[in-house]
Amino acid sequence: MAQAFKEGSIEHSRMLDWPRAAVSVRADSMHAVVEHYSAAASRVVWTKQHLFDQLTLEWREGTMLLSSLSDIVAHPSYQRIIGMGQDALPYILDELRRAPDHWHWALVSITGENPVHAESSGDLEKMRQAWLGWASSKSDVLRG
Amino acid sequence: MKRLLKNFPDLEATGGKLTSPQTPAYNCIAWAAGDQTRWWWPFPGGYWPPSVPATLELASFVQAFATVGYAPCADGSIEIGFEKVALYWLNGKPTHAARQLPSGAWTSKLGRDVDIEHHVAQGVCGPAYGVVATFLRRSRKNT
């Protein structure tokens, strides 16, 4: 698991070097530059998804037996997902479309909104529907 | 199963069995209180009885169970006409609840994981849930 994160970090640090890499490409090979950026851009998408999946896996493994919501959301991997900010939203919503889980705290933390009625608190299916309804109403914004 | 034995080392010696598939729909507190539709916890996103302080203290959990008829009792022995709940804690914080079955065995929902039946309340003591903090009971007429 740690190895996977390390590899993700390496990819990320490579991307920080893109401008320098581009300068080193000869002027007559603009096509190569475009290809370079396109390939790198697709790696960015893959890396964020991969990071989210790894963090989610770790979070579930580390908290599967817990009842304490405070401990469940305090897990370091869950906190890293929150730290991904808006980038994590599409992945969290995809997870919610698949099945209910404890994503409420992360969604409130990232969006600053709370579409869940007080009487639905604790009912994960109703909370899921509330968040998916919220996502539908914000689809233009979420699409970026 | 490996995860269960790692977290509940006494389970192998004292005995138990799986009784449900995994589900995040309810947790141990809800299961012990007889609710399979909500996740009970005094934290945003959880259900907590409105009349009970939403604090992570044993007294709040005892009060939460009082809303469904439970009151403190001496131990987890079988008493005819009563059903019991064991509350667990770790480092002074509530972690888990198990409910006694008519047979005298106990049933636990393990977080988002499975339900299990364990022969003794101490079967789920260990690094995950700590130890039994107190026992509660209510008349079976309340069920």
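As the structure is a prediction and not an experimental result, all values here were calculated from the model. Per chain, numbering begins at 1; letters A, B, ... match sequence-line order.
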A:Trp105 with A:Trp134, same ILVMFWY side-chain cluster at under 4.5 Å: yes

Test item: B:Asn27 and A:Leu66 side chains (from C-beta on) under 4.5 Å apart, heavy atoms: no

Contact leader toward chain B among A:Leu65, A:Val73, A:Asp123, A:Asn114, where contacts are heavy-atom pairs under 4.5 Å: A:Leu65

Chain B contacts, top residue of A:His104, A:His102, A:Glu119 (heavy-atom pairs, under 4.5 Å): A:His102

A:Ser121 side chain vs B:Gly46 backbone, donor-acceptor pair below 3.5 Å: yes

Hydrophobic cluster identity match, B:Ile78 and B:Phe82, side-chain contacts under 4.5 Å: no

A:Thr63, part contacting chain B, at a heavy-atom distance under 4.5 Å: both

Backbone N/O of A:Ser67 and side chain of B:Trp39: donor-acceptor pair under 3.5 Å: yes

For chain B, the option from A:Asp101, A:Val108, A:Val116 that forms the most heavy-atom pairs under 4.5 Å: A:Asp101

Same cluster (ILVMFWY, side-chain, under 4.5 Å), B:Val124 and B:Val120: no

Chain A contacts, top residue of B:Pro44, B:Cys28, B:Gly111 (heavy-atom pairs, under 4.5 Å): B:Gly111

Connected via hydrophobic side-chain network under 4.5 Å: B:Trp31 and B:Leu136: no

Side chain, backbone, both or neither of B:Asp113 within contact of chain A (heavy atoms, under 4.5 Å): both

Residues of residues 97-104 of chain B with any heavy atom under 4.5 Å of a heavy atom in chain A: none

Residue A:Glu113 excluded, over 12 heavy atoms near CD under 6.0 Å: yes

Region of B:Tyr88 that comes under 4.5 Å of a non-hydrogen atom in chain A: neither

Heavy-atom closest contact (A:Leu124 atom, B:Pro24 atom, distance): CD2-O, 3.4 Å

Common cluster, A:Met84/A:Trp103, ILVMFWY with side-chain heavy-atom separation under 4.5 Å: yes

Straight-line distance of B:Leu110 CG to A:Met64 CE, nearest 0.5 Å: 11.0 Å

Structural part of A:Met127 lying under 4.5 Å from a heavy atom of chain B: side chain

Non-hydrogen side-chain atoms of B:Trp41 and A:Ile72 separated by less than 4.5 Å: no

Residue among B:Phe43, B:Trp40, B:Tyr129, B:Tyr47 with most heavy-atom pairs under 4.5 Å to chain A: B:Phe43

